Participant: 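Following this message is one structure expressed as structure tokens.
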Amino acid sequence: MSVTRIEKKFAALKSEGRSALITFTTAGDPNYKTALDILKGLPAAGADIIELGMPFSDPMADGPAIQAASIRALHAGMTTQKTLRMVEEFRKIDQETPIILMGYYNPIYIYGVDAFLKDALDAGVDGLIIVDLPPEEDVELAIPAKKVGMGCIHLATPTTDQVRLGHILKNASGFLYYVSIAGITGTKEPDLGPVKEAVKMIRQHTNLPIAIGFGIKTPEMAKAFAEFSDAVVVGSAIVSIIADNMDQEGLAKSALKSKVLNFVKTLSLGVHKAK
Amino acid sequence: MSHQKNTLRSGPDSNGRFGIFGGRFVSETLMPLILDLEKAYQASKNDGAFKAEFEGLLTDFVGRPSPLYYAERLTEYLNGAKIYFKREELNHTGAHKINNCIGQILLARRMGKTRIIAETGAGQHGVATATVCAKFGLKCVIYMGAKDIERQKPNVFRMKLLGAKVRPVTCGSESLKDAMNEAMRDWVAHVEDTFYIIGTAAGPHPYPELVRDFQSVIGHETRLQIMEKEGRLPDSLVACVGGGSNAIGLFHPFLDDDIDMYGIEAAGHGINTDKHAASLTGGKPGVLHGNRTYLLMDEDGQIIEAHSISAGLDYPGIGPEHSWLHDIKRVKYVPITDQEALEAFKVCTKYEGIIPALESAHAIAYVMKLAPTLPKDHIMVMNLSGRGDKDIDTVAKAIGTEI
């Protein structure tokens with residue numbers, strides 16, 4: 001495989017001397033069309049890398065905001081196939097911005113791992129973050145993904161010690177995602193100090209870019225965490241704007257898209273101010 | 001698969017697998033905890049003091065051994081196989097659930113954990129967990145689906161009396177699977193001090209193994225008791241399966257013997273409807289709650305809500321060892337509907353003077369189908385896993401009576 005979109009992006013950011021903003025939204029939230037419109041607007045609003053959630057009925061690692069996003073998307077008829085189609089449509093207008101699918105293993109397992117990897121690559125997906133696949137289960141997806149050149153982003157957490165970090169890094173590619181809190185998405189706020197220490201420790205063991213996520217909610221926090229990392233991930237705070245801009249029938253209000261993208265702009269400005 | 005030759009009892013392998021089933025499908029945050037638990041559990045197996053404490057509590061706190069009881073009038077009524085009940089409903093707190101809770105809280109104490117969490121469906125596991133927490137003076141938080149809280153009020157009150165906090169779960173289907181999701185979310189957020197007492201032989205490795213081992217006291221006692229009463233092993237075993245802990249507890253010590261085994265799934269309104277909980281009969285292998293196992297799901301891999309009149313069987317999955325025993329055809333899994341279970345509930349109450357839990361009534365319903373087809377020298381042991389006091393409101397409602 002030649003240089004991947006993820007590698008190209010981080011190389012470009014490095015020459016600019018700044019960190020990346022990674023945005024998370026759920027595919028199909030609140031419906032296919034609105035979610036695709038938002039997706040298409042994200043790069044111009046300042047998202048350097050896009051994480052797209054694959055809706056799942058039982059999102060065990062997610063807090064209330066992303067749980068609700070998953071349910072909205074499923075109610076609107078979202079499926080794994082449609083998520084891939086959404087990426088395909090995005091790729092017609094954007095060839096540079098990396099797209100990472102984030103989700104849980106069961107929908108991929110049921111799709112069929114090989115078929116999923118092929119279809120996801122064809123659609124233009126660059127990497128996967130599957131929350132319920134720790135390195136002990138790398139044989140399920142990480143190793144097959146590596147073989148076909150799909151990025152497999154692994155997670156390190158506050159409970160990760162150096163020994164485990166070794167296991168985690170073994171089949172990790174793309175970047176390493178540091179989960180800044182022991183907890184679920186969008187709940188506790190991370191403390192800067194311990195996260196900084198952890199990132200320092202991880203850097204001694206890998207050259208992969210390090211992204212920080214879980215609990216980063218504001219442009220100020222994004223800036224603070226971008227100071228010492230290669231990327232910050234914001235999810236629940238973005239998804240909450242979608243929840244807040246639905247009418248009583250569960251339809252998107254007309255300002256939804258611009259409100260989401262305006263917030264992403266402020267996050268991006270925050271990240272740009274770092275370093 | 002690394003099972004020893006000539007035994008079906010050596011699973012799981014070192015990766016926590018029973019064939020393709022089981023495993024450790026959890027977030028990275030939980031992995032160190034699960035590995036610690038595995039270490040603590042393996043150490044406890046070779047520790048005489050642990051074993052002595054566990055057995056002492058089963059005797060003096062739980063009231064074991066539970067009797068193996070010849071159900072004489074039911075046997076006469078069905079006019080076939082000779083039926084024995086393993087009386088787990090006579091345990092302290094009224095079901096088999098307490099066996100596992102004793103084992104796990106001893107592990108929690110060894111690991112220095114001070115806060116216990118658990119999920120519960122019918123409330124039996126919640127009550128058992130709250131009970132052992134009260135006994136040992138540990139903080140206790142129980143997650144329970146809002147729908148289940150509504151239909152199992154007496155158990156909710158019991159848990160509160162025992163000092164537990166009962167947290168209603170309002171996401172998803174508001175029942176057992178969602179309570180389990182919420183308990184796992186709590187666990188991730190309290191990794192330092194919290195021990196998760198899973199109530200059934202499911203979840204990430206090593207839970208299916210350790211829950212099975214703690215529940216295997218049921219089968220070990222049965223073996224001794226039937227030898228004493230009949231001078232030989234039984235011909236068949238019957239137990240209901242939700243997650244499957246009472247069934248695996250009875251079956252496992254007999255897996256290498258020439259004995260027919262039947263696991264009874266909840267068929268709700270019927271397995272051809274969309275309202276049942278029969279994951280083996282009506283589901284397919286998938287990954288949820290830390291393990292690969294048979295699950296009810298749609299074609300996109302989204303988990304479907306289960307239905308059973310019995311809250312304890314109302315779960316869209318099953319323990320991974322059962323999935324494996326199903327695939328290798330060692331155990332036959334059979335569906336029983338709400339209506340059949342209700343009928344069996346009435347028969348057992350009337351003929352034996354024992355009000356069974358609706359969960360156990362599923363097993364009785366299958367005994368009522370199977371026993372009449374068998375000769376009188378066929379010995380059948382059925383696990384009467386819980387008592388039915390908690391279910392009388394549900395039963396009254398189902399048969400249109402006001403209490």
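Owing to the predicted nature of the structure, the values given are computational and were not obtained by experimental measurement. Below, chains carry the letters A, B, ... as their sequence lines are ordered, and counting in each starts from 1.
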Participant: If every non-hydrogen atom of S57(A) is compared with every non-hydrogen atom of Q302(B), which pair is closest and at what distance?
Facilitator: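 Smallest interatomic distance, heavy atoms only, reads N-OE1, 2.8 Å.
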Participant: Taking all non-hydrogen atoms of both residues, which atom of A182(A) and which atom of V191(B) are closest, and how far apart?
Facilitator: CB-CG2, 4.0 Å
Participant: At a heavy-atom separation under 4.5 Å, does P158(A) approach chain B through its side chain, its backbone, both, or neither?
Facilitator: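 Neither; nothing under 4.5 Å.
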Participant: Less than 4.5 Å to any heavy atom of chain B: does that hold for the side chain of I168(A), its backbone, both, or neither?
Facilitator: side chain
Participant: Around K217(A), counting heavy atoms of other residues, nucleotides and ligands shown, do more than 12 lie under 6.0 Å from its NZ?
Facilitator: yes
Participant: Which pair of non-hydrogen atoms, one from K188(A) and one from A189(B), has the smallest distance, and what is that distance?
Facilitator: NZ-O, 3.0 Å
Participant: Scan V131(A), T160(A), I181(A), T159(A) and name whichever one has a side-chain contact (heavy atoms from CB on, under 4.5 Å) with T29(B).
Facilitator: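 One option only clears the test, and that one is T159(A).
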Participant: Does Y104(A) form a side-chain contact (heavy atoms from CB on, under 4.5 Å) with L288(B)? I'd like the steps, not just the answer.
Facilitator: CA-CA 9 Å; Y104(A) 297 81; L288(B) 181 72; over 6 Å; no
Participant: Is chain A contacted by the side chain of P285(B), its backbone, both, or neither, given a heavy-atom distance below 4.5 Å?
Facilitator: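 Its backbone and side chain both get close to chain A.
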Participant: Which pair of heavy atoms, one from P134(A) and one from F25(B), lies closest together, and at what distance?
Facilitator: CD-CA, 4.3 Å
Participant: Which bit of E299(B) comes within less than 4.5 Å of chain A, counting heavy atoms only: side chain, backbone, both or neither?
Facilitator: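 Interface part for E299(B): backbone (N, CA, C, O).
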Participant: Which heavy atom of I110(A) sits nearest to which heavy atom of G286(B), and what is that distance?
Facilitator: CD1-CA, 4.5 Å
Participant: When you look at NZ of K284(B), are more than 12 heavy atoms from neighbouring residues, nucleotides or ligands closer to it than 6.0 Å?
Facilitator: yes
Participant: Hey, which of R292(B), H289(B), M297(B) has the most heavy atom pairs under 4.5 Å with chain A?
Facilitator: R292(B)
Participant: With a 4.5 angstrom heavy-atom cut-off, which part of Y111(A) approaches chain B: side chain, backbone, both or neither?
Facilitator: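 Neither part.
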Participant: Would you find more than 12 non-hydrogen atoms of other residues, nucleotides or ligands less than 6.0 Å from Q81(A) atom CD?
Facilitator: no
Participant: Once rounded to the nearest 0.5 Å, what's the spacing between atom OG of S27(B) and atom CD1 of I184(A)?
Facilitator: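 That separation rounds to 10.5 Å.
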Participant: Between K177(B), M184(B), M180(B), which residue shows the highest count of heavy-atom pairs closer than 4.5 Å to chain A?
Facilitator: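 The answer is K177(B).
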Participant: For M60(A) and R185(B), work out which heavy atoms get closest and say how close.
Facilitator: O-CG, 2.9 Å
Participant: Should we count NE2 of H75(A) as having more than 12 external heavy atoms under 6.0 Å?
Facilitator: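 No.
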Participant: Is it true that atom NZ of K147(A) has more than 12 heavy atoms of other residues, nucleotides or ligands lying nearer than 6.0 Å?
Facilitator: no
Participant: Between E136(A) (side chain) and R24(B) (backbone), is there a donor-acceptor pair under 3.5 Å?
Facilitator: no
Participant: Given a strict heavy-atom distance threshold of 4.5 Å, which part of I130(A) is in contact with chain B: side chain, backbone, both, or neither?
Facilitator: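 Neither the backbone nor the side chain of I130(A) comes within 4.5 Å of chain B.
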Participant: Measure I304(B) against the heavy atoms of chain A and call it side chain, backbone, both or neither at under 4.5 Å.
Facilitator: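 The answer is neither part of I304(B).
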Participant: With distance as the sole criterion, is a donor-acceptor pair present between the side chains of D300(B) and T80(A) under 3.5 Å?
Facilitator: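 Indeed, the side chains of D300(B) and T80(A) share at least one donor-acceptor pair under 3.5 Å.
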Participant: So, do D132(A) and V26(B) sit near enough that their side-chain heavy atoms are less than 4.5 Å apart?
Facilitator: no
Participant: Measure the CD-OH distance between E28(B) and Y178(A) for me, rounded to the nearest 0.5 Å.
Facilitator: 11.0 Å
Participant: Side chain, backbone, both or neither: which part of M54(A) has an atom under 4.5 Å from a heavy atom of chain B?
Facilitator: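 For M54(A), there is no contact with chain B at all, as no heavy atom is under 4.5 Å.
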Participant: Using the rule given for side-chain contact (heavy atoms from CB on, under 4.5 Å), can you reason through E137(A) versus N15(B), listing the C-alpha separation, both sets of side-chain angles and the distance that settles it, and then say yes or no?
Facilitator: CA-CA 9 Å; E137(A) 304 293 351; N15(B) 293 316; over 6 Å; no
Participant: Counting heavy-atom pairs under 4.5 Å with chain B, which one of V179(A), I71(A), I108(A), T79(A) comes out on top?
Facilitator: T79(A)
Participant: Would you mind telling me which of D62(A), D58(A), L155(A) has the largest number of heavy-atom pairs within less than 4.5 Å of chain B?
Facilitator: D58(A)
Participant: Using a cut-off of under 4.5 Å for heavy-atom pairs, which of E192(B), M31(B), H190(B) has the most such pairs with chain A?
Facilitator: M31(B)
